[in-house]
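Remember, it's 1-based here, ligands and their atoms both numbered in the order they're listed. Residues: numbered from 1 along the sequence shown.
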Amino acid sequence: MEDWAALGVEGHIHAKRPWLYYHRFSKKALARLVGAKTSEVVSMNQLTVNLHLMLVSFYKPTKTRYKIITEAGAFSSDQYALESQLKFHNIDPAIGLIELKPKAGEFTLRTEDILKAIDDNKDELALVLFGAVQYYTGQFFNIKEIAKAAHQAGAYAGFDLAHAMGNVPLQLHSDNVDFAIWCSYKYLNSGPGGMAGVFIHEKHAINFELPRFAGWWGHDEVNRFKMQKGFVPMKGVDGWQLSNYPVLSGATHLASLELFEKAGIKNLRKKSILLTGFLEYLLKSIDNHSQHFTILTPGVVGERGCQLSILMKKDGKKVFNKITKAGVIADWREPNVIRVAPVPMYNTYEEVFRFYEIFKRALN
Ligand SMILES: *Cc1c(COP(=O)(O)O)cnc(C)c1O
C-alpha cells in the first residue's frame, strides 16, 4: 500500500516487489505445496476461470474420443464448468459426462472401481477430472493411480485441489498429473476471493500445439510491451496467464504462503493426522454403534485430509445450530452432513476436545 501511495504506476518496476513480476513471488511456496517445479505453477485468476482455461487446453473432444469421467456430486461450479464445456462442443452432457457413484451402501469411491471405469471407457475417454480431496465426503483420492489409468486409456488427468491445497502434501509432478487448479481462500487462508492457481506438467509446458486462450500476460515477457501482432507464449505454465496481476490479493496470498513455508506442509500433515485421528476417536466414543451419526470420510489416514464429514441420522440441523451457537465454526451441507475440519495451522488438541464436549451436549 505504501509503494502504491508513493510510487503510483512506477510500482510496476520500483516497488519492493515489482508488480510486473508479482506472479513470480509465490512460485516457490506453491511449488512446494503441490510437489512441482516452479515453472509448473502460477497464481492467477479464480478457480473456475482456471478450470475453463484448462478445459480449453486439455479437453479436445473428437468424434470417437469425447467422454469425461468425474466423481458424482462434484462441487457445483465444477459440474457447471463441465456441463457448459460439453455443450460448447455440441456434446450432450448425458452422453459425454460419466459421474462415478460409490457402491450401494457405501459413501466413498473405491480406487479399483475408479480405475475400472476408466479402463471400461478407454476407447472414448478424453479426460479424467477429480477433486483431489472431495469437498463433501473428505475423501482424498489416489492421484497417482488415477493419472496412470487415465494415461493408459489415452486421456488427460486433471485435479481440482480446492480442498487439498494446504491440507495434504501433493506430488503432482512425479504423479504425472497433466493439470491442476486451486483456490487459496480455503486452507490457504489468503482471504476472501484470494488468488487461485494452476499447475501444468512441464511435459506440456513447451508444447505450443496445445490450444489455449491467450492474453498479453502470457506473451513472451521480453517483448510484451512492444504490443505486436502474433502471440508468442512464455515457456511453462506462465504462458497461460491472461491479465496483469491483482497485486492487492497477491499480497495477502504471499503473507499466508510465508506461514506455510515456515510451518512446512509435511510438519502440518504430521500434526493433522494426529489431530484428525483424535477427533475421530472422540466422536466414535460418543456413538460407537452409529445410532446418531456416521462418519462418511474414509477411516484410512492416507485417504483423507483434516476434514471429517458427519452424516447425521436425525436432527442434524438442530445439532449444527447448537454447536454454532456454542462458538464452533463447522459447515452444514444439505441434506444432513456436518463437516468439521481441525486445521493443523491454528487448531489445538484442546480445541478438538472442547468441540467433542460441545457436540456431545448438543446431541443430548
Ligand atoms: C470452493 C470450490 C470452488 C470455488 O470456485 P471459485 O471459482 O473459486 O468460486 C470450485 N471447486 C471446488 C471443488 C471448490 O471446493
task = Run the salt-bridge test on Lys122 and Asp119 with the 4.0 Å N-O cut-off and return the result as yes or no.
result = yes

request  = Can you run down the ring-ring contact (aromatic ring centres under 6.0 Å, His included) pairs that involve residues 88-111, sequence neighbours left out, and say none if there aren't any?
outcome  = Tyr59-His89

Cluster companions of Tyr22 among Ile, Leu, Val, Met, Phe, Trp, Tyr (side-chain spacing under 4.5 Å) = Met1, Trp4, Ile13, Trp19, Leu20, Tyr21, Phe25, Met195, Trp216, Trp217, Phe225, Met227, Tyr245, Val247, Leu248, Leu254

key: Those protein residues which place at least one heavy atom below 4.0 Å from ligand 1   = Leu47, Thr48, Phe75, Asp78, Asp160, Ala162, His163, Tyr185, Lys186

message = Quick test of your reading of the model: are Glu221 and Arg24 salt-bridged, counting only N-O distances below 4.0 Å?
response = yes

task = Would you mind listing the cluster partners of Ile273? Hydrophobic ones only (ILVMFWY), side-chain contacts under 4.5 Å, chaining allowed.
result = Val301

key: Pair Lys16 + Asp3, salt bridge at N-O below 4.0 Å   = no

